[in-house]
Amino acid sequence: MRDIVAEKIETLERGEVPIYEPGLAELLERNRPRLSYTLDVGEAIRDAQFLYICVGTPPTASGDADLSAVWTVVDELPRDFDGERPIVVMKSTVPVGTGTAVRAALDARGFERVGYVSNPEFTAEGTAIDDFMHPDRTVIGSFRPDDGDAVERLHEGIDGPIVRMDVASAEMVKLASNAFLVTRISFINEIANVCEVTGADVLRVAEAVGLDHRLGPHFLRAGIGFGGSCFPKDSLALKQLAANSGYHFQLLSAVIEVNELQKRRVVNKLKKHLGSLRGKRVALLGLAFKPNTDDMREAPSIVLAARLAAEGAVVSGWDPIADGRAALTGVHIAGSALEALDGADAAVVVTEWPELREVDWAEAGARMENRLMVDGRNTLDPEELRAHGFEYEGIGRGGE
Ligand code: UGA
């Protein structure tokens, strides 16, 4: 494994994992004799049959995917490949057409004997190992069938269907899957918003809607919007890819806009109860973009903290794993949920960490200046909170 950040390589060599991902440290430890880490690309590709590209493709200022890391890797491939037909396997999420462009670049450098396969990643943070071992599907897109065959053979022992196709379609499967998932989230969030004004409860609604086998129960959790390093950037990248190709992807534009508004709705919920937020103390519970990760990228907590600060609120925050200090300037980061709630006028559940269900809400309430809970993930029991004297607001719980 090769990376350009020396610190990451040193951490991995020590047997530590630079990110929080349940089970990963144990998995790396079990396979330690078979793993090596280096900064040197020549060393990494020596004898390699498969060259996986797993770099970030963050959004540029225009919202397109930034492929500079992909191109650096491709450009750095040294001339002296061993082995008969090494295959470059693209794991990174890239715009449709990237494979064709990389193929052309490889050919231009005289690397015709190097294969190219698109094999998009569908694992989610926090469940990455299980998702990898038991995938819903493995997608393999290739220009030449024998390159696809080689990558398919590599997946023997991993249960789940393998779907073969051309490179462009494989690239699109990834973007379309994420776009579909975010559409479901924004859809249920809008249903939740309508539930609030009509007196329905989105939890009951989503449960029953999800029982329709054509719709299914997943990704119907209403909340304060999706975040993370994938959904926001991939939905924007697909929108821009379409626009650059002359197509206005109206539905996806709405999905993205709904998500932006959803994060901000919390501010209005707080104002409904507290009036002006100037000088009010608000505690954000959970800062990572979702539970079981320390990832703060595009976390709704960042937008929320900034909006609250703009309203003049004094913001504290707590997360069991994520270190919010860099992303949340001006927010007091507390060592525990109770500490974050000390003297608070309101609490907001931003991330549904299971730890929050274990909080002693009687004690929390006693420490707060005012007992207001905005449960942005519908994760707490409204009855329990109300029993402890809280005013409780969920998302889409008009019937509560
Ligand atoms: C997502 C996809 O689920 C993976 O399949 C994909 O491989 C990955 O992106 C990627 O493109 O690399 P991830 O970002 O790790 O994985 O996390 P998710 O569990 O999908 O959650 C993303 C966001 O959606 C979170 O902020 C979560 O709170 C939110 N969400 C999810 C909802 O608001 N409601 C839901 O019902 C589900």
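When a ligand or atom number is given, it counts from 1 through the structure's own listing order. Model, not experiment: these values are computed from the prediction. Along the sequence shown, residues carry numbers from 1.
Between the CG atom in L287 and the CD1 atom in I333 there is a gap of 5.5 Å [rounded to 0.5 Å]. Atom CG of L12 sits about 7.0 Å away from atom CG of L28, to the nearest 0.5 Å.
Using a cut-off of 4.0 Å between Lys/Arg side-chain N and Asp/Glu carboxylate O, R281 and D342 are scored as not salt-bridged.
Residue R184 does not touch ligand 1, judged by heavy-atom distances below 4.0 Å. Of all the heavy atoms of I188, none lies under 4.0 Å from any atom of ligand 1, so neither backbone nor side chain is involved. Under 4.0 angstrom from ligand 1, the non-hydrogen atoms of K174 all belong to its side chain. Here T351 has no heavy atoms under 4.0 Å from ligand 1, in either its backbone or its side chain.
For ligand 1, the polar-atom distance check finds an N/O of G227 within less than 3.5 Å of one of the ligand's N/O atoms. The distance criterion of under 3.5 Å between nitrogen or oxygen atoms is not met by T93 with respect to ligand 1. Between R221 and ligand 1, at least one N/O pair is under 3.5 Å apart. In terms of polar-atom proximity, defined here as any N/O pair under 3.5 Å, F122 does make such a contact with ligand 1. Taking any N or O of L181, backbone or side chain, none lies under 3.5 Å from an N or O belonging to ligand 1.
Scanning the protein for heavy atoms near atom 24 (O) of ligand 1, the closest one is F226 CB, 3.3 Å. The protein heavy atom nearest to atom 30 (N) of ligand 1 is I185 CD1, 3.4 Å.
If you chain together hydrophobic residues whose side chains sit under 4.5 Å apart, F143 and M165 never meet in one group.
Set against the non-hydrogen atoms of C230, the atoms of ligand 1 under 4.0 Å away are 8 (C), 9 (O), 10 (C), 11 (O), 12 (O). For ligand 1, the atoms sitting less than 4.0 Å from at least one non-hydrogen atom of D234 are 11 (O), numbered in the order shown with element in parentheses. Close contacts between ligand 1 and E125 involve ligand atoms 15 (O) [criterion: under 4.0 Å to a heavy atom]. Each of the atoms 28 (O), 33 (O) of ligand 1 lies under 4.0 Å from some heavy atom of R377. Less than 4.0 angstrom separates some heavy atom of F231 from each of these atoms of ligand 1: 1 (C), 2 (C), 3 (O), 9 (O), 20 (O), 22 (C), 23 (C), 24 (O).
For S68 and D66, the side-chain atoms include at least one donor-acceptor pair closer than 3.5 Å. Looking only at atom types and distance, the side chain of N189 has no donor-acceptor partner in the side chain of N259 under 3.5 Å away. Judged purely by distance below 3.5 Å, without hydrogens or angles, the side chains of T57 and K233 pair a donor atom with an acceptor atom.
Nearest-residue assignment for atom 4 (C) of ligand 1 (options N292, N189, T123; heavy-atom criterion): T123.
Taking a 6.0 Å sphere around CZ of R325, one finds it holds 12 or fewer heavy atoms contributed by other residues, nucleotides or ligands.
The aromatic rings of Y52 and F50 sit tilted relative to each other, their planes meeting at an angle between 30° and 60°. By the 30° and 60° cut-offs, the orientation of the rings of H155 relative to F132 is tilted.
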